[in-house]
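Below you'll find the structure I mean.
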Amino acid sequence: GADIIETNTFSANVISQVEYGCEEFAGQMAYEGARIAREAADEAEAVAASVGLKRKVWVAGSMGPTSKSLSLSPDVKDPAFRSYSFDEMYAAYRQEAEALVRGGADLILIETCFDALNVKAALAAISDLFRDTIPVMISVSVGDRSGRTLTGQTLEAFYTSVCHFPIISFGLNCSLGAEELAPLVEDMAKWCRCGISCYPNAGLPNEIGGYDQSPEDMAKAVKLMASKGLLNITGGCCGTTPDHIRAISKALDGVAPHQLSERQDEIMERQLKVSGLEAVTVDVKRNNFTNVGERTNVAGSRKFARLIAEGKYDEALLIAAKQIEDGASIIDINMDDAMLDSTKEMERFVRYISNDPAVAKAALMIDSSHWETILAGLKNAQGKCIVNSISLKEGDEAFIEKAKVIKSFGAAVVVMAFDEEGQATTYQRKIEICERAYRLLTEKAGMAPQDIIFDVNILSIGTGIEEHAKYAIDFIEAVRWIKENLPGALTSGGVSNLSFSFRGNNAVREAMHSAFLYHAIQAGMDMAIVNPATAVLYSDIPTDVLERIEDVVLN
């Protein structure tokens, strides 16, 4: 009664087959697995046709996770070590996917996944090969009933990492039995925006690793889940037999599939959702302001820059952990320094973060003016990142090309108000550049509006130079215009630039930042790169000080 039959190609890739000395046969294994499954599917259709029945059986090309993780080091002494790189994982998956489809697979099933970065490598390979012409399913395996993967990521964060790809389903397999997975699937139905799959084991294993759940009991448990409207695709994993599949097929006859509500779709479309080990949501309409920690930036923290230069990455991680403890849910990482190889340092530090759950739970803002450094960050982060930044300074074509690459990694992007003529300093220039960039990103690069974050340049005020006097108010008004005229887009900025002319006087600087943010947030500012540990409440600023500061901020 199965509608989909898998190929037996879970490990038919170069990385898995190296362990057996069979890597040269990996592609052939994938091809033959698909060919044999295609023959079986065709035979089943022919048998049905011989008795006057019309039946379609799909072949799912199985791609397993490999036994390697791109996010975790296998060497406890070296958190930055990886057995394979993103590019090597991409190449292995590309060979496997091509062979599966050539052998007759109708769709690709990336299954038993435990690392979202591995999956991103697989999706990149599939996208480059087939350009969205082959359906793709993703199925995750969790370590226990808490619903976290082996790398520590929640299911929602995992989905957020990979949902940029037009997958037909996301779900769970293996892991546990249907009863134990049911609460996780119920939670998934709240945020998943594609089909939901679940093909569990036949209950929990016994003392010797066998599975005792009968076909009838398993079918009953799966039906209970499906009857709540939670499933689109189901079946069986470890311990299941043809009898289990037959029982599930009969039990689900006539049960309605999961439907995505329009209300849920509406809510999701107004949110920027990024992730580390956990999901971070910025609601465009509710204006829930988000702090981006600024201290993991070699240009913004002398201490952090010194620790990176000295190779003291464990100590540098403590700075990131403190930013999160103080309220940052996203941390900005920048390694741009003339004395550093920013690409290598970005790769190393992001890898260190992946091995530290206290830091890895936050989403990452990959911040660099060097394209290779941005790519290094994206290729080593399992969550959905924010890239900071791109701009129109090289023209439309280069801008669109970079945006498409960023989108292929599933990342959101910060767009600086900068074009071929230079940095926008006036209100009019800011909104003109942002409108142009918004149209290019949504109409040419295919980016969702909620994945676009405009930084309209927070520039220094109180410098004594007349043309600088309107910098803060022009920023605030540009933010207001963006929120009213560019639907779904978000706004951000680096706040410390505002008070640069008062460096050395931290009390005044912090009060300036607080007053500025108070007005910018009212105008619709969604996030800011700021040190959360030094936040001063607007209401705590002495009246006489506030009056002088607002005279400067608001001109």
Side-chain angles (χ1 to χ4, degrees), residues 69-72 86 110 113-124 138 140-143 146-165 167 170-172 184 187-188 190-194 267-284 288 290-293 296 320-321 323-324 327-333 350-367 374 377-388 406-414 447-448 450-453 490 492 526-527:
S69 169
L70 290 178
S71 295
L72 298 178
F86 181 95
I110 310 170
C113 308
F114 62 82
D115 186 339
L117 190 53
N118 288 28
V119 175
K120 285 198 271 188
L123 293 175
I138 295 175
V140 180
S141 180
V142 294
S146 72
R148 288 185 183 261
T149 64
L150 180 66
T151 63
Q153 199 172 30
T154 67
L155 285 171
E156 186 177 8
F158 196 118
Y159 175 76
T160 301
S161 302
V162 300
C163 66
H164 60 282
F165 194 91
I167 52 178
F170 180 85
L172 293 161
L184 302 180
D187 183 59
M188 199 183 302
K190 297 173 185 174
W191 42 257
C192 188
R193 298 182 66 198
C194 61
I267 292 170
M268 296 296 185
E269 284 179 0
R270 75 181 190 206
Q271 294 177 338
L272 164 65
K273 190 174 282 189
V274 291
S275 65
L277 293 182
E278 297 171 7
V280 178
T281 301
V282 181
D283 194 307
V284 175
N288 56 326
T290 301
N291 276 332
V292 180
T296 47
Q323 294 276 278
I324 295 164
S329 51
I330 302 169
I331 54 173
D332 179 81
I333 303 169
V350 171
R351 286 182 174 184
Y352 261 77
I353 286 173
S354 295
N355 287 269
D356 186 335
V359 181
K361 68 180 183 180
L364 303 184
M365 181 176 279
I366 307 298
D367 184 352
I374 287 172
L378 293 175
K379 288 180 178 181
N380 287 281
Q382 68 173 316
K384 175 174 178 174
C385 301
I386 300 171
V387 167
N388 187 9
I406 291 166
K407 181 178 181 287
S408 75
F409 282 95
V413 64
V414 174
M447 292 200 80
Q450 63 268 30
D451 281 344
I452 303 168
I453 306 160
L490 287 86
S492 179
D526 299 286
M527 60 178 68

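Source: prediction; values computed, not measured.
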Are any side-chain N or O atoms of His164 and backbone N or O atoms of Ser408, one a donor and one an acceptor, separated by less than 3.5 Å?
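Yes, His164 side chain to Ser408 backbone: donor-acceptor pair under 3.5 Å.
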
Specify whether Phe170 and Phe158 have parallel, tilted or perpendicular ring planes, treating 30° as the upper limit for parallel and 60° as the lower limit for perpendicular.
tilted

Checking Gln382 against Ser161: is there a side-chain donor and acceptor pair closer than 3.5 Å?
no

Donor-acceptor contact below 3.5 Å, side chain Gln153 vs main chain Gly276
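Pair found, side chain donor or acceptor close to backbone of Gly276.
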
Ignoring hydrogens and angles, state whether a donor on the side chain of Ser329 or Thr290 is under 3.5 Å from an acceptor on the partner side chain.
no

Backbone N/O of Arg351 and side chain of Asn355: donor-acceptor pair under 3.5 Å:
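Looks like yes, one N/O pair under 3.5 Å.
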
Can Glu156 and Lys190 be counted as an ion pair, charged N to O under 4.0 angstrom?
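Lys190 and Glu156: not salt-bridged.
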
Contacts of type salt bridge (Lys or Arg N to Asp or Glu O under 4.0 Å), residue Asp451, not counting sequence neighbours:
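So Asp451 forms a salt bridge (Lys or Arg N to Asp or Glu O under 4.0 Å) with Lys384.
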
So which atom in Ala279 and which in Thr160 form the shortest heavy-atom distance, rounded to 0.1 Å?
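That closest heavy-atom pairing would be CB-OG1, 4.3 Å.
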
Can you sort out the partners of Ser71 under side-chain hydrogen bond (donor to acceptor under 3.5 Å, both in side chains), two or more places apart, ordered by chain and number?
Asp115

Using the rule side-chain contact (heavy atoms from CB on, under 4.5 Å), only one of Ile333, Ile330, Asp332, Val387 pairs with Leu364; which is it?
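Passing option: Ile333.
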
Give the C-alpha distance, both sets of side-chain angles, the deciding distance and a yes or no for side-chain contact (heavy atoms from CB on, under 4.5 Å) between Lys273 and Trp191.
CA-CA 11 Å; Lys273 190 174 282 189; Trp191 42 257; 4.1 Å; yes

For atom NZ of Lys361, decide whether the heavy atoms of other residues, nucleotides or ligands shown that lie under 6.0 angstrom number more than 12.
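12 or below, so no.
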
Can you name the closest pair of heavy atoms from Val359 and Ala320 and give their distance?
CG1-CB, 3.7 Å

For Val350 and Gly377, which heavy atoms make the closest approach, and how far apart are they?
CG1-O, 4.2 Å

Smallest separation among heavy atoms of Cys113 and Val140, with atom names:
O-CG1, 3.3 Å

How far does CG of Leu117 sit from CZ of Phe86, to the nearest 0.5 angstrom?
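Spacing of CG (Leu117) from CZ (Phe86) equals 6.0 Å.
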
Under the side-chain contact (heavy atoms from CB on, under 4.5 Å) rule, what do Ile138 and Leu123 come out as? Steps first, then yes or no, please.
CA-CA 10 Å; Ile138 295 175; Leu123 293 175; 4.1 Å; yes

Taking every non-hydrogen atom, the tightest pair across Ala360 and Ile353:
CB-O, 3.3 Å

Spatial distance of atom CG (Leu70) from atom OG (Ser354) [nearest 0.5 Å]:
9.5 Å

